[in-house]
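These notes are about the structure you will find just below.
Just so you know, ligand 1 is whichever comes first in the structure, and atom 1 is the first atom listed for that ligand. Here the structure is a predicted model, which means the values were calculated and not measured.
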Amino acid sequence: MKLIIMGPPGAGKGTQAAYIKKYYNIPHISTGDMFREAIKEETDLGLEAKSYIEKGALVPDSVTIGLVEERLSKSDCKDGFLLDGFPRTIPQAKALDEILHNLKIKLDAVINISVPDSVLVDRIVGRRVCKNCGAGYHIHNQKPRQDGVCDVCGGPLIQRKDDTEETVVNRLKVYSSQTKPLLEYYDKAKLVKTVNGIGDIQEIFKNIQNLLGGNE
Ligand code: AMP
C-alpha cells in the first residue's frame, strides 16, 4: 500500500496512521515527526524548522521536499509507505509526483479524514503526546490510565508547543488555504477516499480498511 493520509490538524491522522502502519506493515513517514525529532536533536534542519513550526507556519518547500525524497528513496519504502503531513502544498504534491515517477512507484490512495472545523480547536488544544514514544492522548476523549503518564512506555505526557490556541488558529488557516486544495488535485487522479473522522477510533479505522479494500 502506497498511501497518503490527509486531513486538517486535529483530524486524527496520527492516531489512524499508527493503526494503518501496523495493519499494513508499512513505514509511517510523518514530516511533522521528522521535524520534531530534528528539533530535539538540535540539528541544522531542526534549527531551521523550529521558528516556522512554533508559529504554526509551513516549513519552506525547499527544505521539506528534499527530506521526503531522501526518505522515500530508502529500501523500506519499496513495498509501501504511509505519508502523513506531506504533501501540504500544491508545489509539494507536484514534487512528489516527480519523485514517485523517478522511483517507478504509483500511489494507491489518498485517505482524507473529514472533521468539521467546530471540533478541531478542542481536539488540538486538549491533545497530549508522550515525550518518549510519541503516543497520542486527549485530556477528555482519550485519557491515559494514569494522569500524565503514557500507557505504552510510562513516559511523561506533554503538550506540543504548536498545540496552543493561538497557534492552532493559524494552522487551521494554513490548512484551508494551502493544503485543502490538494483534495481537488488528487480527486482528478481518482485517488481520494474520504472517511468521517468523528466517532470511535476503531470504527474509523474499520471504515478506512473498507475504503482501501474497495468495498465502497
Ligand atoms: P504535523 O505534525 O503534521 O501537524 O506538523 C507540525 C508542523 O510541522 C506543521 O504545522 C508545519 O509547521 C511543519 N510541517 C510538517 N509537515 C510539513 C510539510 N509537508 N510542509 C511544511 N511544513 C510542514
Side-chain angles (χ1 to χ4, degrees), residues 3-18 20-21 27-41 43-72 77 81-100 107 110-113 115 117 119-131 133-138 157-183 185-186 197:
L3 305 169
I4 295 175
I5 189 160
M6 276 188 62
K13 294 190 295 291
T15 304
Q16 291 303 325
I20 294 168
K21 168 196 164 130
H28 171 209
I29 303 173
S30 156
T31 40
D33 284 350
M34 289 161 98
F35 288 135
R36 280 184 288 277
E37 193 56 38
I39 291 171
K40 206 157 89 184
E41 305 280 324
T43 63
D44 289 347
L45 172 71
L47 290 177
E48 177 156 18
K50 193 172 188 250
S51 59
Y52 296 100
I53 294 184
E54 288 185 355
K55 279 188 291 214
L58 293 184
V59 178
D61 286 350
S62 54
V63 177
T64 313
I65 291 167
L67 186 72
V68 173
E69 180 165 24
E70 200 183 307
R71 182 64 188 89
L72 283 175
C77 293
F81 53 80
L82 173 64
L83 278 173
D84 165 6
F86 183 94
R88 254 181 160 96
T89 63
I90 294 281
Q92 286 183 11
K94 289 187 172 159
L96 178 65
D97 283 348
E98 200 178 318
I99 293 167
L100 295 178
L107 278 176
V110 174
I111 303 159
N112 171 41
I113 307 189
V115 173
D117 283 357
V119 302
L120 292 173
V121 174
D122 171 68
R123 275 198 182 187
I124 301 171
V125 174
R127 180 154 74 180
R128 298 292 179 270
V129 290
C130 173
K131 195 174 172 197
C133 76
Y137 299 87
H138 187 278
L157 301 188
I158 56 162
Q159 184 177 35
R160 267 169 51 176
K161 273 206 174 135
D162 60 344
D163 276 351
T164 56
E165 206 148 347
E166 308 82 69
T167 313
V168 162
V169 173
N170 198 33
R171 286 168 66 200
L172 290 173
K173 267 195 211 147
V174 168
Y175 174 78
S176 281
S177 63
Q178 306 222 48
T179 309
K180 216 172 169 190
L182 290 181
L183 289 175
Y185 182 87
Y186 285 119

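Those atoms of ligand 1 that come under 4.0 Å of a heavy atom in Q92, given as number and element, are 18 (C), 19 (N), 20 (N), 21 (C). Which parts of ligand 1 touch T31 is read off a 4.0 Å heavy-atom cut-off, strictly below it: atoms 15 (C), 16 (N), 17 (C), 19 (N). Numbered from 1 in the order shown, with element, the atoms of ligand 1 that lie under 4.0 Å from a heavy atom of G85 read 16 (N), 17 (C), 18 (C), 19 (N). The contact set between ligand 1 and T64, taken as ligand atoms under 4.0 Å from a residue heavy atom, comprises 18 (C), 19 (N), 20 (N), 21 (C).
Partners of E98 by side chain to side chain contact (heavy atoms under 4.5 Å, CB included), not counting sequence neighbours, listed by chain and number: N102. Scored by the salt bridge (charged side-chain N to carboxylate O under 4.0 Å, His left out) test, R88 finds no partners at all (sequence neighbours excluded).
For atom 22 (N) of ligand 1, the nearest non-hydrogen atom from the set I53, V59, D162, N170 belongs to V59. Closest heavy-atom approach to atom 3 (O) of ligand 1 within the set R171, K161, R88: this belongs to R88.
Between K94 and D97 no salt bridge is recorded (no basic side-chain N to carboxylate O distance below 4.0 Å). A salt bridge links R171 with D163: the closest approach of a Lys/Arg side-chain nitrogen to an acidic carboxylate oxygen falls below 4.0 angstrom.
Partner of I4 under the side chain to side chain contact (heavy atoms under 4.5 Å, CB included) criterion, out of L96, L182, N112: L96 alone.
For D33, no heavy-atom contact with ligand 1 is shorter than 4.0 Å.
Considering both main-chain and side-chain atoms, L58 never comes within under 3.5 Å of ligand 1 through any nitrogen or oxygen pair. Here's the thing with F86: none of its N/O atoms is less than 3.5 angstrom from an N/O atom of ligand 1. Residue R36 places at least one N or O, backbone or side chain, under 3.5 Å from an N or O of ligand 1.
Protein heavy atom nearest atom 11 (C) of ligand 1, with residue, atom name and distance: A57 O, 3.5 Å. Given atom 23 (C) of ligand 1, the protein heavy atom at minimum distance is F35 CE1, 3.7 Å.
Side chain of T31 to backbone of G85: a donor-acceptor contact under 3.5 angstrom is found.
Within the 4.0 Å heavy-atom shell around ligand 1 one finds R160.
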